[in-house]
S.K.: 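Quick one: the structure is below, questions incoming.
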Amino acid sequence: MNATGNAAGSAAGSAPEGAASNARFSFAGATAVVTGGTRGIGAAISAALLEAGARVHATYQGNEAAARAFADRAAAHGGRLVLDRFDVADAAAVERFWEGLETERVSILVNNAGLRRDGIVGTLKAADWDRVIATNLSGSFHMSKFAVRHMLRARYGRIVFVTSPAASHGFAGQANYSASKAGQVGLMRSLAREVAKKKITANCVSPGFVDTDLVADLAEDVRREHLASVPLGRFGEPAEIAYAVLALCAREASYVNGAVLEVSGGL
Ligand SMILES: NC(=O)c1ccc[n+]([C@@H]2O[C@H](COP(=O)([O-])OP(=O)(O)OC[C@H]3O[C@@H](n4cnc5c(N)ncnc54)[C@H](OP(=O)(O)O)[C@@H]3O)[C@@H](O)[C@H]2O)c1
């Protein structure tokens with residue numbers, strides 16, 4: 001990928017594996033919102049956008065220590081990072097957040113916040129079903145609803161959902177997670193049709209296995225099994241997912257709409 005112009009950049013070229021952070025884009029002057037933007041994949045997306053010159057609202061739910069640590073690491077970016085704490089599943093909190101952005105012009109939303117509460121269907125607690133759907137799917141809806149209203153004013157926007165191969169493959173013990181991720185794809189595809197004429201695009205990035213806190217509790221045999229299924233023979237790095245997200249957020253990605261970009265090492 002070698003975007004130019006407003007989203008100027010050069011590809012990593014012959015960069016070695018894991019060197020995705022060498023990719024260069026320019027989002028100078030742009031304002032982005034990244035949910036779950038202070039840890040894991042979201043932190044890598046926030047960091048890449050900051051590095052590319054954007055002002056970034058990185059949201060999180062409650063892990064203050066991780067948010068502070070991320071802000072410390074991003075201190076070099078001249079105050080372009082803003083931390084916002086709220087639950088994406090709380091529609092009223094999401095509305096208040098967007099009301100606070102009235103004077104800003106947000107052109108990028110990355111629906112990245114997500115969690116797992118695994119269990120096989122026969123014994124899965126209703127509360128765990130509800131929490132995962134409320135966060136991963138309804139949270140994406142609440143955020144997108146207000147983002148679209150905001151972006152319509154400028155008649156421009158980029159909305160990216162971080163979904164999962166679980167959406168199409170399904171994983172045993174993850175019915176709630178898989179349903180929430182499949183729901184994100186359906187939401188994205190409808191949204192992509194609704195707002196395309198206003199030059200707002202909606203797409204998904206679907207990461208394979210990426211070493212973050214989200215998968216830290218996987219049993220060793222499950223990890224080995226997952227690893228064996230990845231043709232590239234390794235888990236992904238958060239920066240490698242961020243690279244794909246930035247590519248879809250570039251102004252030049254103007255004809256990519258309603259797409260799911262799998263970044264999974266060939267899973
Ligand atoms: N890691 C993988 O292998 C993988 C694979 C495919 C897809 N994904 C997807 O990628 C996304 C990021 O995953 P990750 O691995 O980076 O996870 P992670 O390290 O666990 O980070 C999750 C982030 O989401 C935030 N969050 C969770 N629930 C929230 C809520 N209700 N409201 C607001 N923020 C909330 C967390 O905030 P706090 O820090 O405050 O808790 C944290 O910043 C998720 O959507 C996940 O489903 C991950």
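Indexing begins at 1, ligand by ligand and atom by atom, following the structure's order.
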S.K.: Using side-chain heavy atoms (C-beta onward) and a distance below 4.5 Å, is Val33 in contact with Val110?
M.R.: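 With C-beta onward as the side chain, the pair stays apart.
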S.K.: Do any pairs count as a ring-ring contact (aromatic ring centres under 6.0 Å, His included) and have a residue in residues 181-226, sequence neighbours left out, and if so which ones?
M.R.: Phe209-His226, Phe209-Phe235
S.K.: Any pair with a residue in residues 183-195 that passes side chain to side chain donor-acceptor pair (under 3.5 Å), sequence neighbours left out, goes on the list, sorted by first then second residue, please.
M.R.: Ser140-Gln184, Lys181-Gln184
S.K.: Looking at residues at least two apart in the chain, or sitting in another chain, which of them share a side-chain hydrogen bond (donor to acceptor under 3.5 Å, both in side chains) with Asn203?
M.R.: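 Result, side-chain hydrogen bond (donor to acceptor under 3.5 Å, both in side chains) vs Asn203: none returned.
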S.K.: What about Phe86 and Tyr60, are their ring centers closer than 6.0 Å?
M.R.: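 No; Tyr60 has its ring centre 6.0 Å or more from that of Phe86.
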S.K.: As a quick check of understanding, evaluate side-chain hydrogen bond (donor to acceptor under 3.5 Å, both in side chains) for Arg55 and Thr31, giving each step before the final call.
M.R.: CA-CA 5 Å; Arg55 173 176 164 80; Thr31 299; 4.6 Å; no
S.K.: Output the set of protein residues with a heavy-atom contact under 4.0 Å to ligand 1, ordered first by chain identifier and then by residue number.
M.R.: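 For ligand 1, the contacting residues are Gly36, Thr38, Arg39, Gly40, Ile41, Tyr60, Gln61, Gly62, Asn63, Phe86, Asp87, Val88, Asn112, Ala113, Gly114, Leu115, Arg131, Thr135, Val162, Thr163, Ser164, Tyr177, Lys181, Pro207, Gly208, Phe209, Val210, Thr212, Asp213, Leu214, Val215.
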